[in-house]
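Quick notes on the structure that follows.
Below, chains carry the letters A, B, ... as their sequence lines are ordered, and counting in each starts from 1.
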Amino acid sequence: MTSPETAATVLSVRDLSVDARTPEGLKPVLRDIGFDLASGETLCIAGESGSGKSVTSLAIMGLLPKASLRVTSGEILLGGRDLLKISNRAMRQVRGGEIAMVFQEPMTSLNPVISIGAQLTEAIRAHQGSENAEAVALRMLEAVQITEPARRLQQYPHELSGGMRQRVMIAMALSCQPKVLIADEPTTALDVTVQAQILTLMRELKTEFGTSIVLITHDMGVVAEMADRVLIMQGGRLIEQGSAVAIFNRPEQPYTRQLLAAVPRLGAHAGTDGPPRITPQPAQPPAEDRTPIMNVQDLRVTYGSPASRFLKGKPQVHAVDGVSFDILPGQTLGLVGESGSGKSTTGKAVLGLIPSSGDVLIDGRNIAGLSQREMRPVRRSAQMIFQDPYASLDSRMAVGAAIAEPMVIHGIGSKSERQDRVADLLRRVGLTPDAATRYPHEFSGGQRQRICIARALAVEPKIIVADESVAALDVSVRARVLDLMLELQETMGLAYLFISHDMAVIERMSHHVAVMRGGKIVETGTRREIFEAPSQEYTRALMAAVPIPDPELYQKRAGAN
Amino acid sequence: MRVLKEMLRQPSAVFGLLVVVTVIVLAIAAPWIAPFDPDNQMFDGLTLEGAPMPPGGQFLLGTDTLGRDLFSRLLYGARTSLVIGLVANGIAVAIGLLVGIVAGYLRGFASSVLMRFTDLMMAFPALLLAIVLAALLRPSLWIVAMVIALVNWVQVARIIYTETRALSERDFIMAERSLGAGHFRVLFLHILPHLVPTAIVWGTLGIATTVLLEATLSFLGIGVQPPQPSWGNIIFESQSYFQAAPWLVFVPGFVILLTALSFNLVGDALRDILDPTQRGRN
């Protein structure tokens, strides 16, 4: 590995400023960003949403949407040329040829109606001429360690898994041997175990191809695992830069410290049985009542239909295959698993939102076979919070009306009582009562999730199913929303079925944990049992794949290999 | 009130609103404004050779081939065309909304029956259907309006159906169900408001098409019966004299265009104003 100090600079960004055109006039999006990328180096740009990290990468690629964003000053130097001054034609040669990009969502960045082979060779032909394009494509697929590379060339994107698609994207980006690879959140949409594989692959390819990597991510764990150097961005400004070890061990700016403090660390709560206390004194003593608030027996959800005498039927898929668990009042069961494990389906099925078989007892009532109308009283005791708060709020309904709606549905209170209660709920989740007259789009992601929590609390439920409720939020916001959920649990005696793919978040929130895979619970136990002495190989693999926010650990590991 | 106030802030909406209001007022006031009886075939209305009179002079917009005053006919024609464009088209949008939203939300057997019926109506030539219906019932303005409504709802139903299906898959509908909201509440409080923009756009686009469909029916003799004027049949009656008397086609054509455009402008402004996510912008 070349050390960054002596290596030549490949890409250099000087005083880059970008303005956004808004109805209120020009608004700065980037202010005086400057950094150098050394040959063979991995530079991580870290920051929360709105920090300008993606705009920086788009500016380098010359892909800023011209109608809304404009570079106002600065230069981007690649091999002595200023990319902001060269013609569109020359820029097309740079893109893909000298700088390549890998995007977050591999499904939407591949064309679904063109075969993998055709898409790969298209990029190769555009930059290297058409002879041996097929052979180069095959060699690239081998380089990204995809299984059966020759067969993949004939396949279409939907036939590949998310991890394989991202490998194809990387193969495509590297096929023309670019000097710089920009990867914008390349593993955010992937499962942790797949993320670990892709990150390893990127490290290997970097040495193999001698490419410099600009990695844009919000995940400090990924930063620790990948970065030689780190840039921290906030609100369109570069607030701190330095080597990975320096940033993690001796952060200078308060914002950087705050960002690092908000990262949940696996094992941070080892040796305790429950989530950390938020309030000094619990308003309600820990429940002596050992009757479960939710009891699930042999839950099954099947898609497709069996063949009958007349109909051929569709192939049956068991999304949830015989799941059983109990949740005690005031406690949290963390349901963890990768995509496709059936954890979200389980969450919807226990609230009767999708058809299922098996028994679900909520507060002593079996919901099996209940109609929508018969379910209504049960819904007062069991509520749900979804992953994407914006999508789960009606964009055409004011926030106050949205929070009051469950009370209207269940006929609670008069109009003025409901208004008082809305104001009360808004205060309770940390918003001001004047939020009631505004609409969901006027709030930030974290505030929207608070609104969703307030709506769920409106009917004073005893249990809340939280399906990936913090996955769409920035780390610092995520920590605050989790704290709010813990505080509400302590003051109101709420039980949670907390569904997440994130082991660290599960560890923080849960009393009990169930690990799901392929529609089945493969391991269950108290938090201590699962995190301190996992019995299943799969659980151990899940934990091992979680990136740890400690760059020295990775450098030691790399040195040992 | 707020809607009107916001609309007055947008120049294009003000223009559209002015034209729409003017057309409606002129249509209502036609008997008092019209300089001549629209059906009166005047001796003065033709040249000595028997050709229609060009615009200007005694007849503001000229006369038609039978010597009738074009301006008076346009004023009375506005009544017919507005009934077609607003009432018939309105009914069509309403039927389309109802069929589309019910089929899109219900799924299952009822939905299949409704949508296959819609497909059948779409496959069936609209004009042929209109001819059959108009032949069975004695043509009058209101019958023609009904016929047009019965032919024109299918596209709206198709579009609304697709949108409703997409909407009912959205998270907030699942969230409503998890709160315990019934079908009625979900449909009318949460799905319908999201369909308003589509309905407005289709409604305003439909005004021009229905006015012209009425003209086609008139041309075939099964629309509004002569001598009652409509904007469409004024064009169709005189199209063979296009070269000799171009104003007979251009003037009513321009009136249809201007009216349809104005409704579109008002519709667009209305759509943006009613959308809370657009509030505070522009």
Are any of the side-chain heavy atoms of D394(A) and H194(B) separated by less than 4.5 Å? yes
Test side-chain contact (heavy atoms from CB on, under 4.5 Å) on V408(A) and R185(B) and set out the steps. CA-CA 11 Å; V408(A) 177; R185(B) 184 171 197 89; 3.7 Å; yes
Side chains of F386(A) and S178(B) in contact at under 4.5 Å (non-hydrogen atoms): yes
Quick one: pull up NE2 in H441(A) and CG in D275(B) and give me the separation to the nearest 0.5 Å. 8.0 Å
Could you tell me whether the side chain of R373(A) and the main chain of G182(B) form a donor-acceptor pair under 3.5 Å? no
Testing R379(A), M384(A), R455(A) one by one against L179(B) for a side-chain contact (heavy atoms from CB on, under 4.5 Å), which residue passes? R455(A)
Which pair of heavy atoms, one from G352(A) and one from R177(B), lies closest together, and at what distance? O-NH2, 4.4 Å
With rounding to the nearest 0.5 angstrom, report the CG to CZ distance, L189(B) to R396(A). 13.0 Å
Residues S392(A), R170(B); criterion side-chain contact (heavy atoms from CB on, under 4.5 Å); working and verdict: CA-CA 8 Å; S392(A) 60; R170(B) 296 260 297 271; over 6 Å; no
In terms of heavy-atom contacts, does CZ of R438(A) have more than 12 from other residues, nucleotides or ligands at under 6.0 Å? yes
Chain B heavy atoms under 4.5 Å from V378(A): which part of the residue, side chain, backbone, both or neither? neither
Does E405(A) reach the side chain of E176(B), with side-chain heavy atoms less than 4.5 Å apart? yes
Using heavy-atom distances under 4.5 Å, tell me whether R376(A) contacts chain B through its side chain, its backbone, both, or neither. side chain
Are more than 12 heavy atoms from other residues, nucleotides or ligands located less than 6.0 Å from atom NZ of K348(A)? yes
Heavy-atom pairs under 4.5 Å with chain B, option from R380(A), M397(A), M375(A), E442(A) with the top count: M397(A)
So what's closer than 4.5 Å to chain B heavy atoms on L353(A): side chain, backbone, both or neither? both
